[in-house]
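Working notes for the structure below.
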Amino acid sequence: MAQTYYITTPIYYANSLPHLGHLYTTIVADVVNRHKKQRGLDTYFLTGTDEHGINIQRAADKAGRSPKEQVDFVSGELKRMFHDFGLDTEKGGYDVFMRTTETFHYEGVQHLWVEIAKNKTPKGNETIYKGFYEGWFCAPCAEYKTEDQYFLAEGLEIPLCLIHERPLDRISEESYFFRLSDYDEFLIDLIANDPKLVQPESRRNEVISFIKGGLQDLSISREKKSVSWGVPVPDDENHVMYVWLDALSNYITAIGYGNSEKASIGFDKYWQNVTHLVGKDILRFHTVYWLSFLSAAGLPLPKTVYAHGMWLDADGRKMGKTLGNVIDVDVLHEHFQIDATRYFLLREMVFGQDGKFGYENLIDRANSDLASGLGNLGSRTFSMITKYREGLLPSGKIAEENYINAKRAGINPDEQELVSVLEHARDEFLRRFENFEFSLALELIWTVIARIDKMISDSKPWELIKDEKQAETLNAVLYRATETLRWLCVLLYPVMPDATKKIYSQIGLSENIAAIDPANLKWGELNAGTKIGETEAVFPRIDKAKVMNEIKEQSAVSGQQSAEPKPEVTAAESLPPAVAGGLTQPTDNTEQQFIDIEDFLKVELRVGQIMVAERIPKADKLLRFEIDLGEEKPRQILAGLAEYYEPEKLIGRKVVVVANLKPRKMRGLESQGMICAASLEEEDTPALATFLEDVNVGARLK
RNA sequence: GCCCUUGUAGCUCAACGGUAGAGCGCGCGGCUCAUAAUCGCUAGGUUGUAGGUUCGAAUCCUUCCGAGGGCACCA
């Protein structure tokens with residue numbers, strides 16, 4: 001019976017639309033999955049969406065949908081993207097698109113809860129207990145605030161909400177807790193003793209030092225009255241499970257843990273050898289929490305949790321809407337071959353580190369490595385076979401009496417030298433692949449390509465053809481090039497399934513390379529006499545200037561569009577909250593409050609022009625502005641925009657300023673007002689309020 | 001604020017105590033089978049800064065400057 005291999009991407013949170021990050025993780029998982037299948041393993045590949053929680057409710061409310069409609073929409077969009085990029089089941093991609101709103105998952109995760117509750121922690125305590133979750137709560141936001149979401153004003157003890165700048169309430173609610181604090185020693189032993197478990201090493205060290213800092217018990221439920229969109233806690237109708245327990249357990253429920261619907265997939269079979277791919281931002285949850293949960297339930301642990309890095313723009317900055325440096329997956333799909341994108345993603349990023357992604361870099365890679373490199377090697381080889389040998393692959397054997405001629409042409413009569421090189425490259429490639437060193441593995445393959453190119457250039461087949469005595473030398477060159485290409489197709493198949501299949505069939509072969517184990521490749525198995533198939537460019541050269549222009553025009557257009565509010569969102573938002581609230585919005589804490597015109601007029605909004613904008617040393621978020629409001633001198637105003645805007649680019653811009661806001665000190669600097677900006681989601685880039693018409697500095701808004 | 005990582009040729013990175021390398025890009029030359037592809041050659045770095053340890057430092061230690069990351073209930 002074949003060994004099994006189970007690989008997962010995170011299930012993506014269904015509150016935002018698909019982006020490059022989703023695509024990247026899923027492509028890597030797909031590559032690994034195809035590779036393991038080639039190696040003969042019985043694999044299972046999971047991706048999907050995480051569909052519960054307060055943020056889903058909010059996203060749904062904002063879009064005027066029910067939570068179910070919201071998650072159906074987002075998971076549909078994600079599936080569409082995966083389909084576009086050939087990652088779906090029909091194309092040999094994922095085996096299951098998991099959704100946490102499915103009934104079998106409810107069953108499974110409830111079963112898991114009960115199993116955990118039955119057991120004791122490593123220190124002999126109850127694993128789950130009832131207590132109170134206490135935190136700083138902002139009523140207008142209707143949520144608990146974490147440390148980075150509030151600030152302490154000078155002289156005050158009660159923190160203020162960063163959004164509303166009003167005091168938070170200290171409140172508590174009943175909650176079930178998982179006794180995570182009992183798992184610190186267990187986790188440290190586990191992670192420190194198994195270097196493969198948490199990778200890469202730098203992240204592993206971070207996780208260990210985090211655990212050493214001490215673990216707090218984890219709240220794993222919320223009262224139904226505050227969060228209703230979730231899996232009910234077994235035997236307590238007042239609670240639903242809170243995010244992580246629900247989300248993480250998808251990896252086991254999807255293959256049949258605790259439910260009968262998926263039992264046939266085989267929990268016992270696949271759960272014995274698991275690899276989780278995650279983004280570095282959620283590594284902790286997949287190690288500290290997940291390993292503890294599993295252990296508490298008496299279940300086997302995954303073999304590897306690998307955290308990959310983030311894609312930055314070509315200049316190394318985070319991608320964001322305001323900077324306009326987001327890589328648009330639809331643009332990728334429209335302008336680039338899927339396989340070129342796959343190759344780029346694996347070749348350009350050292351897996352585990354951050355990487356830079358620019359369309360220009362992608363084009364350069366595609367042109368130099370794929371078109372000029374692999375593609376051209378195929379093209380020149382097949383063309384020579386067609387021209388010189390009527391399209392039939394000659395034998396690579398050189399008779400002894402011709403050795404001298406071969407040597408004269410710079411060709412080693414003994415092909416064993418090349419075979420050793422190739423075998424070594426293959427073994428090394430596989431080793432690097434096992435270690436998730438994709439970029440190194442691919443780099444190595446390209447040294448082989450260079451070697452064959454050099455063999456051709458050195459032996460000059462176009463001259464060999466003129467000399468009858470060199471017929472066998474020429475044959476050997478052609479055979480060696482073609483046989484090497486066959487090997488490369490098999491090796492590169494997981495990364496570029498489509499292109500390698502094409503090249504393979506251009507060689508004239510028809511087996512399914514998805515099922516050929518590269519470890520079993522043997523030199524010489526390519527038969528002489530093979531008829532070269534139809535040849536056309538597998539990697540067409542990309543006209544850089546042209547494509548870059550098209551992309552620029554396109555993003556200019558879509559930029560304008562996204563500056564306009566999307567109709568569906570607008571419609572929903574313009575409804576009174578009571579109507580837009582949907583099914584689950586609790587009405588108690590969203591009391592509708594109207595203000596009088598007098599109230600509004602108390603707020604002095606004025607047009608200001610930014611004269612100076614600069615970063616503040618050691619402050620991640622704050623920018624310091626000097627803004628001309630038509631007063632004697634410009635005002636100093638601080639605003640938390642540093643993550644979203646380049647200060648230099650803001651100079652000269654006219655903005656809306658709250659002019660009579662009580663001055664306040666931040667980082668030792670006094671802020672004399674506030675700049676108005678709009679954002680839908682909290683993590684959205686705030687858009688600065690501005691004017692289409694020319695307007696005088698100091699003008700009042702009313 | 002505390003902790004960690006990092007700063008090497010135009011770009012991406014390698015060398016991790018012993019005369020600084022590769023790929024891409026640039027320049028020149030050769031070749032024509034090939035997707036203006038390919039082959040060869042050249043150029044270009046006092047290895048962020050200032051000290052120290054050592055026979056010898058990009059590599060170890062310290063200072064400073066710059067960049068990135070981690071410091072939990074948000075998936």
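If you're wondering where the values come from, they're calculated on a predicted model, not measured in any experiment. Letters A, B, ... are given to chains in the order of the sequence lines, protein chains preceding strands, and every chain is numbered from 1.
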Discussion item. Under 4.0 Å between a side-chain nitrogen and a carboxylate oxygen: does that hold for Arg65(A) and Asp72(A)?
Written reply: no
Worksheet item: Out of rC33(B), rU38(B), rG69(B), which nucleotide sits closest to the side chain of Asn376(A)?
Response: rU38(B)
Practice prompt. Could you measure between the two P atoms, the one in rG21(B) and the one in rA15(B), and give it in whole Å?
Written response: 14 Å
Discussion item. Taking the cut-offs as 6.0 angstrom to the six-membered ring centre and 45 degrees off its axis, would you call Lys145(A) and Phe137(A) a cation-pi pair?
Written reply: no
Practice prompt. Determine the contact category for Ala481(A): base if any of its heavy atoms lies under 4.0 Å from a base atom, sugar-phosphate if only primed atoms, P, OP1 or OP2 are that close, otherwise nothing.
Written response: nothing
Fill in: Separation between the P atoms of rG1(B) and rC64(B), rounded to whole Å
12 Å
Discussion item. Looking at Glu102(A) and Arg99(A), would you say the former's side chain and the latter's main chain have a donor-acceptor pair under 3.5 Å?
Written reply: yes
Item to complete: Between rG56(B) and rG44(B), how far apart are the P atoms? Round to whole Å, please.
Response: 29 Å
Discussion item. Could you check whether Thr100(A) and Glu51(A), counting side-chain N and O atoms only, form a donor-acceptor pair closer than 3.5 Å?
Written reply: no
Item to complete: Mind calculating the distance between CZ (Arg204(A)) and C1' (rG69(B)) to the nearest angstrom?
Response: 18 Å
Worksheet item: Rounded to the Å, how far apart are Arg380(A) CZ and rU35(B) P?
Response: 11 Å
Worksheet, complete the sentence: Assign each of Ser379(A) and Asp458(A) the nucleotide of RNA chain B bearing its closest heavy atom; nearer the 5' end lies the nucleotide of Ser379(A)
Atom pairs, N/O to N/O, protein against nucleotides 27-32 of chain B, distance under 3.5 Å?
{"residue": "rC31(B)", "atom": "O2'", "partner": "Trp462(A)", "partner atom": "NE1", "Å": "3.4"}

Taking N or O atoms only and anything under 3.5 Å, show me the protein contacts with nucleotides 4-15 of chain B, one pair per line.
{"residue": "rU12(B)", "atom": "OP1", "partner": "Lys356(A)", "partner atom": "NZ", "Å": "2.9"}

Item to complete: Using the C1' atoms only, state how far rU46(B) lies from rA20(B), rounded to an integer number of Å.
Response: 12 Å
Worksheet entry | Six-ring centre of Tyr133(A), Arg222(A) cation under 6.0 angstrom, axis tolerance 45° | yes
Discussion item. In this structure, how many angstroms lie between the C1' atom of rU35(B) and the NZ atom of Lys544(A), rounded?
Written reply: 17 Å
Item to complete: Report yes if the distance between the aromatic ring centroids of Tyr183(A) and Phe178(A) is under 6.0 Å, otherwise no.
Response: yes
Indicate every side-chain donor-acceptor pair of residues 206-213 of chain A with a distance under 3.5 Å to a residue at least two apart or in another chain.
{"residue": "Glu206(A)", "atom": "OE1", "partner": "Arg203(A)", "partner atom": "NH1", "Å": "3.0"}
{"residue": "Glu206(A)", "atom": "OE2", "partner": "Arg203(A)", "partner atom": "NH1", "Å": "3.4"}
{"residue": "Ser209(A)", "atom": "OG", "partner": "Glu206(A)", "partner atom": "O", "Å": "3.2"}

Discussion item. Measuring only the C1' atom in each nucleotide, how far is rA58(B) from rG7(B)? A whole number of Å is fine.
Written reply: 11 Å
Fill in: side-chain hydrogen bond (donor to acceptor under 3.5 Å, both in side chains) assessment of His286(A) paired with Tyr251(A)
CA-CA 11 Å; His286(A) 281 78; Tyr251(A) 300 129; 2.7 Å; yes
Pairs: protein N or O with nucleotides 72-75 of chain B N or O, under 3.5 Å:
{"residue": "rA72(B)", "atom": "O4'", "partner": "Arg284(A)", "partner atom": "NH1", "Å": "2.8"}
{"residue": "rA72(B)", "atom": "N6", "partner": "Gly214(A)", "partner atom": "O", "Å": "3.0"}
{"residue": "rA72(B)", "atom": "N6", "partner": "Gln216(A)", "partner atom": "N", "Å": "2.7"}
{"residue": "rA72(B)", "atom": "N1", "partner": "Gln216(A)", "partner atom": "N", "Å": "2.7"}
{"residue": "rC73(B)", "atom": "O2", "partner": "Ser219(A)", "partner atom": "N", "Å": "3.3"}
{"residue": "rC73(B)", "atom": "N4", "partner": "Gln216(A)", "partner atom": "OE1", "Å": "2.9"}
{"residue": "rC73(B)", "atom": "N4", "partner": "Asp217(A)", "partner atom": "O", "Å": "3.4"}
{"residue": "rC74(B)", "atom": "O3'", "partner": "Asn55(A)", "partner atom": "ND2", "Å": "3.2"}
{"residue": "rC74(B)", "atom": "O2'", "partner": "Asn55(A)", "partner atom": "ND2", "Å": "3.3"}
{"residue": "rA75(B)", "atom": "O3'", "partner": "Asp50(A)", "partner atom": "OD2", "Å": "2.7"}
{"residue": "rA75(B)", "atom": "O2'", "partner": "Asp50(A)", "partner atom": "OD2", "Å": "3.1"}

Worksheet item: Roughly how far, to the nearest 0.5 Å, is OH of Tyr176(A) from NE2 of His239(A)?
Response: 5.5 Å
Response to the item:
Rounded to whole Å, CH2 of Trp311(A) lies from C1' of rG68(B) at a distance of 17 Å
Worksheet item: What interatomic distance, in whole Å, is found between P of rA37(B) and the corresponding atom of rC26(B)?
Response: 9 Å
Worksheet item: Taking the side chain from Thr49(A) and the backbone from Ala14(A), do they hold a donor-acceptor pair closer than 3.5 Å?
Response: no
Worksheet entry | Whole-Å gap separating C1' (rC33(B)) and NZ (Lys387(A)) | 6 Å
Worksheet item: What dot-bracket string describes RNA chain B from 5' to 3', counting Watson-Crick and G-U wobble pairs whose defining distances are under 3.5 Å, with [ ] for crossing pairs and | for pairs to another strand?
Response: (((((((..((((....[..))))..((((.......))))......(.(((..]....))).))))))))....
Practice prompt. Find the distance Leu377(A):CG to rC33(B):C1' and express it as a whole number of Å.
Written response: 11 Å
Discussion item. With salt bridge (charged side-chain N to carboxylate O under 4.0 Å, His left out) as the rule and sequence neighbours excluded, what pairs involving residues 350-368 of chain A come up?
Written reply: Lys280(A)-Asp354(A), Glu348(A)-Arg365(A), Glu360(A)-Lys544(A), Asp364(A)-Lys544(A), Arg365(A)-Asp369(A)
Discussion item. Closer than 3.5 angstrom, by distance alone: can the side chain of Asp217(A) be matched with the main-chain N or O of Leu180(A) as a donor-acceptor pair?
Written reply: yes
Discussion item. Less than 3.5 Å apart, any donor N or O on the side chain of Arg58(A) or Asn15(A) sitting next to an acceptor on the other?
Written reply: no
Discussion item. Measuring only the P atom in each nucleotide, how far is rC2(B) from rU47(B)? A whole number of Å is fine.
Written reply: 31 Å
Discussion item. Using ring centroids (six-membered ring only for Trp), state whether Tyr242(A) and Trp229(A) fall under 6.0 Å.
Written reply: no
Worksheet item: Between Tyr24(A) and Trp311(A), does the ring centre distance come in under 6.0 Å?
Response: yes
Worksheet entry | Integer-rounded Å distance: rC41(B) P and Lys454(A) NZ | 8 Å
Discussion item. Output the rounded distance in Å from CZ (Arg203(A)) to P (rG70(B)).
Written reply: 6 Å
Discussion item. Rounding to an integer number of angstrom, what distance separates rC28(B) and rC65(B) when you compare their C1' atoms?
Written reply: 40 Å
